[in-house]
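Hydrogens, waters and symmetry mates play no part in the numbers below; they use all other heavy atoms, side chains included.
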Amino acid sequence: MNRKNAIALMLLAVALLGCLGELYGWLLPTISWPFTVSRDMNILSAPAELAPFLAVEGRVHWFGWVSMLVPAFAGVYLLLRRKDSLRMPPAFRKRWQRFRSLKRGYWSLLVLVGLVLLAAMDQCLVGKRALVVHYGDSWYFPAFSRNVLPGSTFGATGNAARAETNYRKLKEQVGKPGGASLVLMPLIPFDPTMDTAAFPSEPLTVKDGLVLDDEGLPYNGQACRLYADGETHLRLRYRRGLPDGHAQGWNAAGQEVYAAQYQEGAVVSARYRGEGTVEEFLALTPSESVHCVYYHPAPPLTGEHLLGTNSQGADIAAYLFGGLQVNIKAALFYLPIVYCIGLTLGMLMGYFVGKFDLVTQRIIEVISQLPFLFVVMILADFVPLQLRGMFLILGLLAMFGWMHITYIIRTATMKEKTREYVDAARVMGAGTYHILSRHILPNMVGIIVTILPFSIAAVVLSLASLDYLGFGLPDSYASWGRLLNDGLSKLSSPWVVSAAFCALTITLMLVTFVGEAVREAVDPHRHSYYK
């Protein structure tokens, strides 16, 4: 099997899996995303009467079905091509070799491709749902199913039985009586958003009646005793390793007396206002161990949080992963729209010039004078909540983002239409569409490829800026700009702003390096230098 047929079959398999996943309730990484978007936005779905055989949950999610047609048509097209393989044209092959010789841009491209592949794995890497659960004699795959499994499925009682299963807690019960025998969680067991983690805690050492910190010194600060499930049971303030107010003038005998009084409830009885007696309250604590609890935003390497948490209790590593996915999806939707408008108008303006060029330029000047931020603020107030989302923001960005592409393509078209090959095509009877699509456009591929990376950097920076100002995506989307705003408002927790700053800086730097390398590789004035 040659490379062309392999790519074609892969595209057909993606389309088939996406369709089957929608009909059977599978949630496949990345492939099922168009159907998920259709569920989130009513405008992207239709009543079941439109196509009853495609209806799921009473709606036809037409956006997802149309998205599945793209890889299906691409796969069929590749299978029907007469050529046996996909070979690079000689000119493109030479440019590719020049690009590979620019190590900084080439390695930046490899890193970006790796990040895209990681983001495509979706819930296999990041998510609060377990990948595999073996409970009793049954196997469950919660992360790959649209159906939510309640806690009663795995033996939970009370309110937990009606809510969605807490798989992180279920994993802690593996091997215990009544627990699951296997719970396999993703690498980062937290959702990017809408998943507030519990306060992480670390046990403190108690030696000779003194509570010690990590360095073995007497602990100063707040410490807690915990319930069996990890929730805070009793808060105590320690100074020099002893409870606040009892740190001065104590000897070993006094510490023993204090310990006895504490067990009888003498110390906390004056402050206790809960249900039942103090003795019953203290009996709820299974252990007398003292823990240091890190309240949100929690620092890195506490609990299961590699990079810590933000002020809302979301895991920062998972949030950065979700922000990467949002930026990739935004670029995939934004770029085709702005380049379709910019290329079409730019080539028409440069080819026809005259009145059409003059009128179009005046229209562009009027649109470019609109205050972008004010337009976003007005629409944010008047657009219904169910219509707000990524498509609204990308539509606003696309409305203002195609104009600079139009001017670049207009100038290039005016230059290319004076070439001899265009005159030869006219003499042979070629029409306007044929000249623009078959002759002028292919000769502008170098220009298009050169400005493409900088357009990606522009949309990433624009999304981050809008989210930083509070006019961007809803809270259900992870946003590096919102994380940056959160970190700047809490500079006492520098890991929050550092994570957002590093993510933005590294991404924009990689894209810029690729753009600079592409520009040098396609520049005809520099070809001799790289031979």
Side-chain angles (χ1 to χ4, degrees), residues 105 108 112 326-377 379 390-418 436-437 440-469 471-472 481 504 507-525:
S108 297
L112 284 175
V326 168
N327 287 323
I328 293 174
K329 294 169 183 176
L332 291 177
F333 278 92
Y334 171 82
L335 295 178
I337 296 174
V338 296
Y339 274 81
C340 180
I341 300 174
L343 288 175
T344 303
L345 286 180
M347 287 193 297
L348 292 177
M349 291 168 63
Y351 188 81
F352 291 111
V353 294
K355 293 183 178 180
F356 178 80
D357 181 31
L358 185 64
V359 172
T360 307
Q361 287 192 64
R362 299 293 83 77
I363 295 175
I364 292 176
E365 290 175 0
V366 171
I367 297 176
S368 63
Q369 295 303 315
L370 293 175
F372 173 70
L373 186 58
F374 285 172
V375 173
V376 173
M377 294 171 61
L379 290 178
M390 181 182 294
F391 287 95
L392 176 62
I393 299 300
L394 293 180
L396 292 173
L397 293 176
M399 185 173 68
F400 291 87
W402 56 270
M403 289 176 283
H404 74 283
I405 300 175
T406 300
Y407 280 120
I408 295 174
I409 299 302
R410 170 184 175 272
T411 304
T413 303
M414 293 178 66
K415 179 180 178 181
E416 292 295 328
K417 78 171 186 176
T418 61
L436 290 175
S437 61
I440 295 180
L441 182 59
N443 284 279
M444 293 192 300
V445 171
I447 299 175
I448 298 172
V449 174
T450 300
I451 62 178
L452 182 62
F454 300 102
S455 298
I456 297 175
V459 68
V460 172
L461 190 59
S462 298
L463 277 177
S465 301
L466 289 176
D467 290 322
Y468 176 81
L469 296 174
F471 300 109
L504 273 172
T507 302
L508 295 176
M509 183 177 62
L510 292 174
V511 173
T512 303
F513 286 164
V514 173
E516 291 178 348
V518 169
R519 182 177 59 190
E520 293 186 14
V522 302
D523 188 356
H525 300 291

Asker: Give the C-alpha distance, both sets of side-chain angles, the deciding distance and a yes or no for side-chain contact (heavy atoms from CB on, under 4.5 Å) between Ile405 and Leu345.
Answerer: CA-CA 9 Å; Ile405 300 175; Leu345 286 180; over 6 Å; no
Asker: With rounding to the nearest 0.5 Å, note down the distance linking CG in Asp357 to OG1 in Thr413.
Answerer: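 The distance works out to 10.5 Å.
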Asker: Could I get the full list of ring-ring contact (aromatic ring centres under 6.0 Å, His included) partners for Phe356, not counting sequence neighbours?
Answerer: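 Residues passing ring-ring contact (aromatic ring centres under 6.0 Å, His included) with Phe356: none at all.
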Asker: Rounded to the nearest 0.5 Å, what separates atom OG1 in Thr450 from atom CZ in Arg519?
Answerer: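 Nearest 0.5 Å value for the OG1-CZ distance: 8.0 Å.
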Asker: Give the minimum heavy-atom separation between Gly342 and Ile409, together with the two atoms involved.
Answerer: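 Shortest heavy-atom contact: O-CB, 4.3 Å.
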Asker: Would you say that Met349 contacts Thr406 through its side chain, given a criterion of any heavy-atom pair below 4.5 Å between the two side chains?
Answerer: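 Sidechains of Thr406 and Met349: in contact.
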Asker: If you look at every heavy atom in Gly105 and Val514, which pair is closest and at what distance?
Answerer: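 Gly105 and Val514 have their closest heavy atoms at O-CG2, 3.7 Å.
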Asker: How close do Leu396 and Phe372 get, heavy atom to heavy atom, and via which atoms?
Answerer: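 Shortest heavy-atom separation between Leu396 and Phe372 comes out as O-CE1, 3.8 Å.
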Asker: State the SG-CG distance between Cys340 and Leu335, to the nearest 0.5 angstrom.
Answerer: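 It comes to 12.5 Å.
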Asker: Taking all non-hydrogen atoms of both residues, which atom of Tyr334 and which atom of Gly401 are closest, and how far apart?
Answerer: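 Looking at all heavy atoms of both residues, the closest pair is OH-CA, 3.5 Å.
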Asker: Might you work through the side-chain contact (heavy atoms from CB on, under 4.5 Å) test for Leu463 and Ile393, ending with a clear yes or no?
Answerer: CA-CA 8 Å; Leu463 277 177; Ile393 299 300; 3.7 Å; yes
Asker: Kindly indicate whether the side chain of Leu441, heavy atoms from C-beta on, has any atom under 4.5 Å from the side chain of Ile448.
Answerer: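 The answer is yes; the side chains approach within 4.5 Å.
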Asker: Between Ser455 and Tyr339, do the side chains contain a donor N or O and an acceptor N or O under 3.5 Å apart?
Answerer: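 Ser455 and Tyr339 do have a side-chain donor-acceptor pair below 3.5 Å.
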Asker: Do Val375 and Met399 have side chains that approach each other closer than 4.5 Å (heavy atoms only, starting at C-beta)?
Answerer: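 They are in contact (side-chain heavy atoms under 4.5 Å apart), so the answer is yes.
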Asker: Would a 4.5 Å heavy-atom cut-off, applied to side chains only, mark Leu348 and Leu436 as touching?
Answerer: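 A side-chain contact exists here, since the closest heavy-atom pair is under 4.5 Å.
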Asker: To the nearest 0.5 Å, what is the distance between CD1 (Ile456) and CG (Leu461)?
Answerer: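 If I round to the nearest 0.5 Å, the distance is 13.5 Å.
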Asker: What's the shortest heavy-atom distance between Ile447 and Ala412, and which atoms?
Answerer: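 Taking every non-hydrogen atom into account, CD1-CB, 3.5 Å.
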Asker: Measure the shortest side-chain to side-chain distance between Phe400 and Leu370 over non-hydrogen atoms and say whether it is less than 4.5 angstrom.
Answerer: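 Yes. Closest side-chain heavy atoms under 4.5 Å.
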Asker: Which pairs pass salt bridge (charged side-chain N to carboxylate O under 4.0 Å, His left out) with one or both residues in residues 338-353, sequence neighbours excluded?
Answerer: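 Found none.
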Asker: side-chain contact (heavy atoms from CB on, under 4.5 Å) for Tyr407 and Gln361? Distances and angles first, verdict last.
Answerer: CA-CA 9 Å; Tyr407 280 120; Gln361 287 192 64; 4.0 Å; yes
Asker: Output the distance between atom OG1 (Thr411) and atom CE (Met444), rounded to the nearest 0.5 Å.
Answerer: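 Going from the OG1 atom of Thr411 to the CE atom of Met444 covers 10.5 Å.
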Asker: Does a side-chain heavy-atom distance below 4.5 Å link Arg410 with Met347?
Answerer: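 Heavy-atom side-chain distance check fails, nothing below 4.5 Å.
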Asker: So do the side chains of Asn327 and Thr507 get within less than 4.5 Å of each other, counting heavy atoms only?
Answerer: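 A side-chain contact under 4.5 Å is absent here.
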Asker: For a side-chain contact (heavy atoms from CB on, under 4.5 Å) check, start with the C-alpha distance between Lys415 and Ile440, then their side-chain angles and the critical distance, and finish with the verdict.
Answerer: CA-CA 10 Å; Lys415 179 180 178 181; Ile440 295 180; over 6 Å; no
Asker: Counting distance only, does the side-chain N/O of Ser462 pair as donor-acceptor with the main-chain N or O of Val459 below 3.5 Å?
Answerer: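 Not at all, since once roles are kept as given, no pair shorter than 3.5 Å links the two residues.
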Asker: Please identify each residue that fulfils ring-ring contact (aromatic ring centres under 6.0 Å, His included) with Phe454, with sequence neighbours left out.
Answerer: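 So Phe454 forms no ring-ring contact (aromatic ring centres under 6.0 Å, His included) with any residue.
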Asker: Atom CD1 of Ile367 and atom CZ of Arg362: how far apart are they, to the nearest 0.5 Å?
Answerer: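 Reported value, rounded in 0.5 Å steps: 12.5 Å.
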Asker: For a quick test of reading the model, state the closest non-hydrogen atom pair linking Pro442 to Val445 and the distance between them.
Answerer: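 Looking at all heavy atoms of both residues, the closest pair is O-CG2, 3.2 Å.
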